[in-house]
Amino acid sequence: MRKIFLLGFVVTVLILGTEANGYLEFNVTELDHIEELEYGVSKSISSFNPLMVGLTLITGAGAKGAVCLDGTLPGYHLHRGHGSGANSWLIQLEGGGWCDNIRNCVYRKKSRRGSSNYMEKQIQFTGILSDKAQENPDFFNWNRVKLRYCDGGSFSGDSQDKAAGLQFRGERIWRAAMDDLKAKGMQNAKQALLSGCSAGGLAVILRCDEFSNLFSRTTKVKCLSDAGLFLDTPDVSGGHTIRNLYNGVVQLQGVRNNLPHMCTDHLNPTSCFFPQNLISEMKTPLFIVNAAYDIWQVQSSLAPPSADPSGYWHECRLNHGRCTPAQILFLQGFRDQMLRAVSGFLNARKNGLFINSCFAHCQTERQDTWFADDSPVINKKAVATAVGDWYFDRAEVKLIDCPYPCDRSCHNLVFR
């Protein structure tokens, strides 16, 4: 059991790692930022013998000012490709929320989300990072990299607070990591895919066109955002919880100058931190994987405790099976907003989409939701198959699930 502080919430989480009737159950006293479940769930339900990959610190990053919140060196985990994948590269940007004020960032710098001193020396590569063809049929033999997240600003900030001893250098970390990987062979890539989950999925959208510009015109480059479609939408009280959070991140971390100019030319910087204002203008092909009832957004954006002082949403936010008909109707409205947000994006043939009607978050790194016998599917197509068909141009993939509760293949997250 461990205590976790993220976005100002204190929680105690015990991950049970059991699955029954399409649900993953967790015992919690108050809800944690969902990306913390990334690791625990992966460890408990991944393959019997998962690949363990060591941490590499970027030794030249310090000279470039590319450091974590506490000033330590950033790092990544790299597993080399082989055979037909030897010249193909998959870069996975780690997720893990944001810090939007000095207090949160000071706490964060004492964790693996803000310092390489606390990062695991080895992590499992599962799902889209797996090295097994039966678990990851299209990318198993590629060079696969997980770039660790220790800036709290989706690899986009460039500022500091000397008094608090905080370095907001996410954008420099991004550039230093790309330079380091290019020197290790990525510059010769024939194929490349930038992917990421949650805050890392947002970072994919923010950095995708830059990533494409790293390669020659002959390199096939695409991007994949998993659970990164954070919507600028009111919470249950009519307030703007996530907009306030993002405004804090953008202002505190000096994000403005590192946002896509095609957006900041006509919208304010905070609006340009929201994917819905970016995805239709991107030049590089993008695939979006998202749960229509994204559990992080339900719990931390739509119905956080701060917007629900009476506790009316408490049971529903822990377990969708306890939602009232009126609450389900509200959540159906959220799904409708998500579909409107991607309507223009879908007009471009180059883009792809997989929106399933699940209460989930981050489905590409977990083996059970990426590619397994009972993986979530839309039209009998699993996430891994959909992404592979899109990346390799085997088929146009724009899959939108029917509304809840029609999908029986979901691996929903339920909290107790």
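Residue numbers run from 1 in the order of the sequence given.
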Would the distance check show the side chain of [X] and the main-chain N or O of [Y] forming a donor-acceptor pair, the cut-off being under 3.5 Å?
X      : Y      : answer
Asp294 : His361 : no
Lys162 : Gln167 : no
Asn412 : Cys358 : no
Asp235 : Ala303 : no
Thr72  : Ser115 : no
Lys109 : Gly71  : no
Arg175 : Ala66  : no

Is it true that, when you exclude [X] itself, more than 12 heavy atoms of the residues, nucleotides or ligands shown sit nearer than 6.0 Å to its [atom1]?
X      : atom1 : result
Lys283 : NZ    : no
Lys350 : NZ    : yes
Lys190 : NZ    : no
Gln122 : CD    : yes

Shortest non-hydrogen contact between [X] and [Y], atoms and distance:
X      : Y      : value
His82  : Phe140 : CE1-CE1, 4.3 Å
Ser88  : Gln191 : OG-NE2, 2.8 Å
Phe287 : Ala386 : CE1-O, 3.9 Å
Leu278 : Cys263 : CD2-CB, 3.5 Å

Give a yes-or-no answer on whether the side chains of [X] and [Y] include a donor-acceptor pair shorter than 3.5 Å.
X      : Y      : value
Ser357 : Asp407 : no
Asn268 : Ser271 : yes
Ser159 : Arg169 : no
Arg144 : His77  : no
Tyr293 : Gln332 : yes
Asn136 : Ser130 : no
Asp374 : Ser409 : no
Ser216 : Thr218 : yes
Gln253 : Asp100 : no

Name the orientation class of the two ring planes belonging to Trp98 and Phe230 (parallel below 30°, tilted from 30 to 60°, perpendicular beyond 60°).
perpendicular
Relative to each other, are the rings of Phe139 and Trp370 parallel, tilted or perpendicular (30° and 60° limits)?
tilted
Has Lys220 got its NZ or CZ under 6.0 Å from the middle of the six-membered ring of Tyr391, at an angle within 45 degrees of the ring axis?
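That pair qualifies as a cation-pi contact.
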Beyond-backbone contact of Tyr149 with Ile173, side-chain heavy atoms, under 4.5 angstrom:
no
Using a strict cut-off of less than 4.0 Å between a Lys/Arg side-chain nitrogen and an Asp/Glu carboxylate oxygen, indicate whether Arg172 and Asp151 qualify as a salt bridge.
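Looking at Asp151 together with Arg172, the answer is no, because their closest N to O distance does not fall below 4.0 Å.
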Quick check: Phe274 with Tyr246 (ring centres under 6.0 Å apart)?
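Judged by ring-centre distance (under 6.0 Å), Tyr246 and Phe274 do meet the cut-off.
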